[in-house]
2 protein chains.
Amino acid sequence: MRSRYDIQLRVPEVCRPSAMREGQINETIQEYIEGIYRLQQEVGRVATNEVAQYMGVSPASASIMLKRLAEMNLVEHTPYRGILLTDEGTQLAHQLLRIHRLTERLLTDIIGLPWNDVHDFACKLEHYIAPEIADKIAEALGFPATCPHGNPIDPTFDDGSWRLSDAVAGTDLLVIKITDERREFLEYIESLGLVPGAQVEVVSRTPFDGLIQINVDGKQHTIGPEVARYVWVKEPS
Amino acid sequence: MRSRYDIQLRVPEVCRPSAMREGQINETIQEYIEGIYRLQQEVGRVATNEVAQYMGVSPASASIMLKRLAEMNLVEHTPYRGILLTDEGTQLAHQLLRIHRLTERLLTDIIGLPWNDVHDFACKLEHYIAPEIADKIAEALGFPATCPHGNPIDPTFDDGSWRLSDAVAGTDLLVIKITDERREFLEYIESLGLVPGAQVEVVSRTPFDGLIQINVDGKQHTIGPEVARYVWVKEPS
DNA sequence: GAGCTTTTTTAACCTCATCTAAATTATACA
DNA sequence: TGTATAATTTAGATGAGGTTAAAAAAGCTC
């Protein structure tokens, strides 16, 4: 299963120090592209400051890196106007995301790590997993459809879900995926029982502040908009 | 199963670029320590030039790095006299080696990669696998005793084997492990059928050049000292 | 033990990816 | 439309880990 994700991913040289090389798609570049993709999914055109904040670096550093990414044709950068991934950048992001999600599945299903632990870990490993090896992993796992958080392994697949923050009161829904994968966030989500596959009843919504009263597993909870935004749901079929 | 390998391994920060930090046991340091350990197993006290050659860097770079390792108390460095791992360095090497070998097993047994491929790959992944996760991997694999090349998962375990280059003619032996894990070397070894677990008959030895006539699986081969040196054998029980 | 060779170390410099501080450019509002 | 504020970029450093070239120490050989 050679896949459609075929940008020249640079899996860094192994077994010798200082694998960094000039003008290559190295680990840092990959990390940025992945972050930018995620941001772009959330907000559309991405500002330098947003990249900086998301990547945990200073705006100055982000600015310099965005210039480099633009030179490499991975993003379109209009100075003072933010960026947009090019087709090439998007393709690379898809490739990385697929590897990332397969790695997460490997870590939960085979190694037995908890789902809230695997994201950070996969972030590091993904840079050293070539697409062909990802294919092998997919095979070994029986070609899973999603990562442990419910995101489709194939990043181009549209699962038809929407944000819980957009759901109307009085509906019964199915949790599809969680798109904030920070450990603490997932811990909270788990404490609510709001994991992929769970049934949620949207009991009511407040007219201000966007609070949502939900019912999961017979338990009532009130969640805020910040949480509801990253929980994706769908009509149960 | 908290193990006996408990040096403060620095698993670099995930999900953000530039994980390098001052004075920490980072990926590069780990790579050096592992390399030095392997060299030390082969040659005892290790010279700067040997480290440089093994790590694929200039002698100048190796010299500087050895000085740093000495400052970190991982090696004992007598200027112009080479180095020796300290107890702390040895312990770190053991820890890394255990993780490395478990990772290799994971890659062959679960992912289905060929045994000659996994070393390079494990070299990269090992730096991001904390000892507790290695414990999980060991458990998932059913606590294997060796890596795919036959090296004990527990680096302190003495398997009682010796080099095929030291074997006497006329003996029937069991291949225990291969300690040169370069892809091409392992490919050659495989083509001879000289894999861990195979039976070898040492037919004869030449008085000069150290050539060895062997019989594996009914096929005769002549191997040189460079190959025999990295094939370890034992009396079959 | 003098002088050549080899090994190791030091010196000076490079790239990558960060940083802070200062300078620009955009935006928003009076 | 001018000006305050916010966002972005540039300038100049830094640390890690390389490089080459030159200097220094050790080891041989006669």
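Lettering follows sequence order; numbering is per chain, from 1.
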Euclidean distance, atom CD of residue B:E31 to atom P of D:dG18 [Å, nearest integer]: 10 Å
Within the 4.0 Å limit for protein heavy atoms, which parts of nucleotides 4-12 of chain C are touched? Write it as a string from 5' to 3', B for base, S for sugar-phosphate only, - for none. ---SBBB--
Is a donor on one side and an acceptor on the other found under 3.5 Å between the side chain of B:D209 and the backbone of B:L211? no
Using atom CE of B:M65 as one end and atom P of D:dG15 as the other, report the distance to the nearest whole Å. 16 Å
Looking only at the side chains, is there a donor atom on one of B:E31 and B:H127 sitting less than 3.5 Å from an acceptor on the other? yes
With B:E76 via side-chain hydrogen bond (donor to acceptor under 3.5 Å, both in side chains) - residues at least two apart: none
Would you tell me if any nitrogen or oxygen in the side chain of A:Y32 comes within less than 4.0 Å of OP1 or OP2 on C:dT18? yes
Rounded to whole angstrom units, what separation is found between the CD1 atom of B:I29 and the P atom of D:dA16? 9 Å
Taking CZ from B:R45 and P from D:dA26, how many angstroms apart are they, rounded to a whole number? 13 Å
Starting at atom CD1 of A:I83, determine the distance to atom C1' of D:dT9, rounded to an integer number of angstrom. 15 Å
Ring pair (Phe, Tyr, Trp, His ring centres under 6.0 Å) involving A:W115 - partner list, sequence neighbours excluded: A:H149
Got B:I36 and B:E50 here, is their nearest side-chain heavy-atom distance under 4.5 Å? no
Can a donor-acceptor pair be found, under 3.5 Å and without considering hydrogens, that links the side chain of A:T222 to the backbone of A:I212? no
What's the CD-C1' distance between A:E71 and C:dC16, to the nearest Å? 14 Å
